[in-house]
Amino acid sequence: MPHISHIKKRSIEDLVQENYVFAGVLHYFGISFYEYEKHSLEDVCQAFKINPRQLINELEVWAWRKDPSREELYLRPIEVLVEYLKNKHHYFLRHELPFLSNIISGVSLKGNYAELLSDLRLMFPLFVDDFIHHIHEEENTLFNRIKTLQEVENNHFRLEESLKVLNMPSIAGLAEEHEVHDDEMQGIRKLTNGYELEKNAPTSIKVLYHELQNFEKELIIHATIENELLFPKAVELEKEVKRKIIKKIKSN
């Protein structure tokens, strides 16, 4: 990476154009990149009382951040998998969605992009509300159900209380009802014409489309992990718990 003294003199627009991740790092520090595109990094850091080196270090951390592979997650116990998914939910709610909302609500452009942003300002909040509802529902039903099954398996409930598990909706049934949120972005894909960029698109639109595409990919990966790793593990856990309960009943 170039020396910090050289980076400080470059404009925010130049730095973001070079690496869109930089826009997310600026948002992390409370800076909306599109409001300071023509300012130098040095001037922005002085205005926000931020050490430029701290900001660059954070960029490097983000650049090297890597999620575990599906193979690695498969080898982990179900409670680790649930915790990983909860952390991703937290990341979506605390960073991804606020960052996207900030761009959509804050960027001001003319022409076709003004109409696009106006439509997104109507559509995106509806998507966010639905997504948050989905996350809460998933954590309150599926994740809590898995926790209960583990507690039964570890003999934390008396037999009478454990019997209630047999009357709960099955994990297989929850799997069938599971909603894949990739479908919820169909409207956004259509509105942006599949994230197609004009040759001279503004930097803010380039960043927005890049972040929307990344978020969509994350949702697809997230749903795949749930459908292909979490649910099969949960189904097996449920089967084992039910076998254990039935065995206890027969032994009494």
Side-chain angles (χ1 to χ4, degrees), residues 1-67 87-129 131-132 185 188 191-192 195 197-219:
M1 180 171 287
H3 194 272
I4 184 67
S5 61
H6 172 67
I7 296 175
K8 288 195 301 182
K9 302 299 180 183
R10 296 174 64 186
S11 72
I12 295 299
E13 183 176 26
D14 187 25
L15 292 168
V16 170
Q17 283 274 23
E18 186 175 282
N19 187 349
Y20 294 153
V21 174
F22 200 77
V25 173
L26 288 170
H27 177 77
Y28 176 79
F29 283 91
I31 304 168
S32 297
F33 74 94
Y34 50 84
E35 293 181 351
Y36 302 94
E37 289 184 355
K38 303 306 178 184
H39 295 70
S40 70
L41 176 62
E42 184 176 39
D43 289 342
V44 171
C45 285
Q46 286 179 354
F48 283 84
K49 296 180 172 56
I50 296 170
N51 185 331
R53 169 49 63 187
Q54 183 184 4
L55 198 147
I56 297 301
N57 287 344
E58 191 67 30
L59 176 62
E60 292 175 345
V61 169
W62 283 37
W64 286 100
R65 185 172 53 200
K66 182 182 178 183
D67 284 335
N87 287 338
K88 290 300 291 186
H89 286 172
H90 186 268
Y91 177 73
F92 292 153
L93 296 178
R94 292 297 182 91
H95 179 76
E96 289 278 4
L97 292 177
F99 182 37
L100 283 166
S101 296
N102 175 268
I103 298 173
I104 291 169
S105 64
V107 170
S108 179
L109 296 171
K110 296 180 180 180
N112 292 337
Y113 291 117
E115 184 178 348
L116 167 71
L117 289 167
S118 178
D119 290 341
L120 280 173
R121 285 174 191 136
L122 293 174
M123 182 180 294
F124 196 70
L126 298 176
F127 165 78
V128 171
D129 287 345
F131 185 73
I132 291 173
M185 294 197 73
I188 294 174
L191 187 63
T192 59
Y195 310 114
L197 282 168
E198 295 179 2
K199 186 176 181 180
N200 298 319
T203 300
S204 55
I205 295 298
K206 290 179 180 178
V207 173
L208 175 59
Y209 280 21
H210 176 266
E211 290 300 317
L212 285 170
Q213 282 180 290
N214 271 357
F215 184 58
E216 185 171 344
K217 289 175 184 175
E218 289 241 40
L219 291 185

Exercise. Do Leu41 and Phe22 pass the side-chain contact (heavy atoms from CB on, under 4.5 Å) test, and can you show the C-alpha distance, the side-chain angles, and the key distance before you say yes or no?
Worked result: CA-CA 11 Å; Leu41 176 62; Phe22 200 77; 4.0 Å; yes
Exercise. If you count the non-hydrogen atoms of other residues, nucleotides and ligands that lie under 6.0 Å from CZ in Arg65, is the total more than 12?
Worked result: yes
For this session: Apply side-chain contact (heavy atoms from CB on, under 4.5 Å) to Phe131 and Leu219, showing your working.
Result: CA-CA 10 Å; Phe131 185 73; Leu219 291 185; 3.4 Å; yes
Problem set entry | Validation row: Tyr28, Leu55 side chains within 4.5 angstrom (heavy atoms) | no
Problem set entry | Test ring pair (Phe, Tyr, Trp, His ring centres under 6.0 Å) applied to Phe92 and Phe215, step by step | CA-CA 9 Å; Phe92 292 153; Phe215 184 58; 5.5 Å; yes
Exercise. What's the shortest heavy-atom distance between Pro125 and Leu120, and which atoms?
Worked result: CD-O, 3.7 Å
Exercise. Does some side-chain heavy atom of Cys45 sit less than 4.5 Å from a side-chain heavy atom of Gln54?
Worked result: no
For this session: Using only heavy-atom distances, determine whether the side chains of Tyr195 and Glu216 contain a donor-acceptor pair under 3.5 Å.
Result: yes
Problem set entry | For the student: nearest non-hydrogen atoms of Leu93 and Leu97, plus distance | CD2-CD1, 4.0 Å
Problem set entry | Nearest heavy atoms of Ile103 and Tyr34, plus distance in Å | CA-CE2, 3.9 Å
For this session: With rounding to the nearest 0.5 Å, note down the distance linking NE2 in His210 to CG in Asn214.
Result: 4.5 Å
For this session: Check Glu211 against Tyr20 and note the closest heavy-atom contact, atom names and distance.
Result: OE2-O, 4.5 Å
Problem set entry | Residue that, paired with Phe124, satisfies side-chain contact (heavy atoms from CB on, under 4.5 Å) out of Leu126, Val128, Leu122 | Val128
Would you list the atom pairs, donor with acceptor, under 3.5 Å between side chains in residues 105-118 and any protein atom, with sequence neighbours excluded?
from	atom 1	to	atom 2	distance (Å)
Ser105	OG	Ser101	O	2.8
Ser105	OG	Asn102	O	3.4
Tyr113	OH	Glu198	OE1	3.4

Exercise. Would you say Phe29 and Val25 make side-chain contact, with heavy atoms under 4.5 Å?
Worked result: yes
Exercise. When rounded to the nearest 0.5 angstrom, what distance separates CD1 in Ile7 from CD1 in Ile56?
Worked result: 4.5 Å
